[in-house]
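One structure is given here, and the rest of the page talks about it.
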Amino acid sequence: MQRMDVDLDVPAFLNSEKQNVPSNLQHYYVDFEELYDRKLWHQLTQKVLEYLNEPESGPHQVSLFQKFVVDWESKINKLSLVYIGLTTARKFTELQDSVNFLSDIITKVDTPETKDAYVYAVMEAAYFKLLMGQTEETKKSIDECEKILDQFDSVETVIYASFYRVSAEYFKAEADYAQYYKGALLYLACIDINKQLTKKEREDRAFDLAIAALLGSTIYNFGELLMHPILDSWTGTEHEWLRTLLFAFNAGDIGKFESLAGHFSELPVLQQNLDALSRKICLMSLIEAVFKRSGDNRSIPFSHIAAETRLPNDEVEHLVMKALSLNLIRGSIDQVDQTVNVTWVQPRVLDRDQIDGMRKRLDTWNRDVNKIATFVQQEGGEVFAQ
């Protein structure tokens, strides 16, 4: 996979290869030779990138790199070199060949001035290693690249996209739902999902995010996912009910959760975790019950929580203690009066119904403030006049 120590006859290669490619690609080889002869390296790089985007160029990309690009690779912008190398690496039939090929690229961009390109190459090589089951090697690459990225004020979006995508895939392989959820959402924030993902890829990503949100032991706010257009990929598909389930969880709607439980048999991973899901919907129902109350009415009787969560009264205290331990709420339990005094509830990304509820509470607060202002003005008028 590495460049051979022989002199390359670039014109002969380009002329020969031109005869082997489909007719609609032959003009690229004419352009390659002209730009190469004129030493217009930037324009040549752009032309190669354009060529790599041609679907029919796939079978010819490895030879193009090994017998043409390597001759002038030192003139190529390092990020572009990694992109060209990555596109080429995907054409090898053996994963180890892809890793070996990218390893050669990595050595060429491992300089203090090109650490951004280095991260890009290392993360993409790590993905091939992950596909080979080399999870420990993948994790080492993630940790190394994270430290490097922390030193940058900013880098190209494509590098962040690569880092978050590969990291998310690693955490998916490790069944670390919370970390997958975080990484996958950050990855989606770095790309145009309609241009860079196929419909099938959007559906699969939405599915993985939904499962991670539902099963993540520390994820109790789905607002960011619910507002993401990635979920639109489910419209008209067999998984559309999952979107309704996510909204039910975010709203703490136990009734809706129970009505959708019949679908769980379609997804063994949910059926196997039914008890955990039931505990989670109870916690989210508690959060929603607290959130819907005004700030001066956060002393909640156990009986009210039992009614909201459909739990026996003697299980409410344990539920509240769990919410406190997860830092979903802050406050104290009055075991004598059987109440919970909540001083804080975890900040949330709100859906439209929750925003409307907040608007109504603000309207009520505004009216109360106006009443107080009017009272002060009427009753204190004589004092102010003195």
Side-chain angles (χ1 to χ4, degrees), residues 22 24-25 49-59 61 83-84 86-93 95 98 120 123-124 126-128 130-131 156-216 219 222-250 260 262-271 349 351-352:
N24 62 306
L25 298 181
L49 291 170
E50 183 182 331
Y51 174 80
L52 295 179
N53 286 327
E54 295 280 359
E56 292 179 274
S57 71
Q61 290 180 9
Y83 179 84
I84 293 170
L86 171 60
T87 305
T88 305
R90 290 171 177 158
K91 301 304 181 292
F92 290 104
T93 56
L95 292 172
S98 299
Y120 187 18
M123 289 305 300
E124 293 300 339
Y127 180 63
F128 286 108
L130 181 62
L131 294 177
E156 295 288 337
T157 304
V158 67
I159 300 172
Y160 282 123
S162 175
F163 176 79
Y164 291 128
R165 175 180 59 82
V166 177
S167 297
E169 291 303 314
Y170 165 78
F171 289 119
K172 177 183 174 181
E174 294 292 293
D176 188 333
Y177 298 112
Q179 288 299 320
Y180 171 82
Y181 184 80
K182 176 183 176 182
L185 282 175
L186 287 169
Y187 164 61
L188 293 181
C190 295
I191 66 171
D192 184 327
I193 63 171
N194 293 315
K195 292 181 179 179
Q196 295 175 256
L197 297 178
T198 65
K199 186 176 188 302
K200 179 65 165 55
E201 288 172 334
R202 293 195 296 273
E203 290 178 17
D204 291 346
R205 185 68 66 177
F207 177 82
D208 289 340
L209 275 164
I211 297 301
L214 292 168
L215 299 183
I219 303 172
F222 300 170
E224 190 173 359
L225 175 58
L226 295 179
M227 293 191 300
H228 202 288
I230 194 74
L231 295 188
D232 294 338
S233 62
W234 280 344
T235 303
T237 71
E238 61 181 337
H239 291 137
E240 195 164 7
W241 64 272
L242 269 174
R243 184 174 191 165
T244 305
L245 182 63
L246 290 173
F247 274 97
F249 264 85
N250 201 58
L260 292 168
H263 286 283
F264 290 4
S265 59
E266 301 171 19
L267 298 174
V269 69
L270 294 186
Q271 190 68 44
V349 178
D351 61 29
R352 292 180 181 178

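Predicted model, so just to flag it, every value in this text is computed and none were measured.
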Here the pair of heavy atoms bringing Ala213 nearest to Leu225 is CB-CD2, 4.2 Å
How long is the gap from CG on Leu130 to CD on Glu174, to the nearest 0.5 Å? 8.5 Å
Heavy atoms only: give me the nearest Gly262-Ser265 pair and the separation to one decimal. O-OG, 3.4 Å
Show the nearest heavy-atom pair for residues Gly223 and Asn250, with the distance to one decimal. N-OD1, 3.5 Å
Output side-chain donor-acceptor pairs under 3.5 Å for residues 236-246, partner residues at least two apart or in another chain, one line each.
| residue | atom | partner | partner atom | Å |
| --- | --- | --- | --- | --- |
| Thr237 | OG1 | Trp234 | O | 2.7 |
| Thr237 | OG1 | His239 | N | 3.4 |
| Glu240 | OE1 | Gly236 | N | 3.1 |
| Trp241 | NE1 | Glu238 | O | 3.4 |
| Trp241 | NE1 | Glu266 | OE1 | 3.4 |
| Arg243 | NH1 | Leu231 | O | 3.4 |
| Arg243 | NH1 | Asp232 | OD1 | 3.2 |
| Arg243 | NH2 | Asp232 | OD1 | 3.2 |

Side-chain ion pair, Lys199 and Glu203, N-O less than 4.0 Å: yes
Under the side chain to side chain contact (heavy atoms under 4.5 Å, CB included) criterion, do Phe222 and Leu214 qualify, and how do the steps go? CA-CA 9 Å; Phe222 300 170; Leu214 292 168; 4.0 Å; yes
Nearest 0.5 Å, what's the CG-OH distance between Leu185 and Tyr180? 8.5 Å
Going by salt bridge (Lys or Arg N to Asp or Glu O under 4.0 Å), name the pairs with one or both residues in residues 179-192, residues two or more places apart or in two chains. none
Check Gly183 against Tyr164 and note the closest heavy-atom contact, atom names and distance. O-CB, 3.6 Å
On a heavy-atom basis, the closest approach of Ala89 and Ser98 is O-OG, 2.7 Å
Distance-only check: which donor-acceptor pairs under 3.5 Å involve side-chain atoms of residues 50-59, not counting sequence neighbours?
| residue | atom | partner | partner atom | Å |
| --- | --- | --- | --- | --- |
| Glu50 | OE2 | Tyr28 | OH | 3.3 |
| Tyr51 | OH | Tyr29 | OH | 2.7 |
| Asn53 | ND2 | Leu49 | O | 3.3 |
| Glu54 | OE2 | Tyr28 | OH | 2.7 |
| Glu56 | OE1 | Asn24 | ND2 | 2.9 |
| Ser57 | OG | Tyr51 | O | 3.0 |
| Ser57 | OG | Glu54 | O | 2.7 |
| Ser57 | OG | Gln61 | NE2 | 2.9 |

Rounded to the nearest 0.5 Å, what separates atom CG in Leu86 from atom CD in Glu124? 4.5 Å
Check the pair Ser167 / Met123 against side chain to side chain contact (heavy atoms under 4.5 Å, CB included), numbers first and verdict last. CA-CA 8 Å; Ser167 297; Met123 289 305 300; 4.1 Å; yes
Would you indicate whether the side-chain heavy atoms of Tyr120 and Glu156 approach each other to under 4.5 Å? no
Separation of Ile230 CD1 from Phe207 CZ (nearest 0.5 Å): 13.5 Å
What's the verdict on side chain to side chain contact (heavy atoms under 4.5 Å, CB included) for Arg165 and Ile191, showing C-alpha distance, side-chain angles and the deciding distance? CA-CA 10 Å; Arg165 175 180 59 82; Ile191 66 171; over 6 Å; no
Rounded to the nearest 0.5 Å, how far does CD1 of Ile211 lie from OH of Tyr181? 12.5 Å
Report yes if the side chains of Tyr83 and Val158 come closer than 4.5 Å at any heavy-atom pair, otherwise no. no
Checking salt bridge (Lys or Arg N to Asp or Glu O under 4.0 Å) for the pair Glu201/Lys195: CA distance, chi angles, key distance, verdict? CA-CA 11 Å; Glu201 288 172 334; Lys195 292 181 179 179; over 6 Å; no
Output the distance between atom OG (Ser162) and atom OH (Tyr127), rounded to the nearest 0.5 Å. 11.0 Å
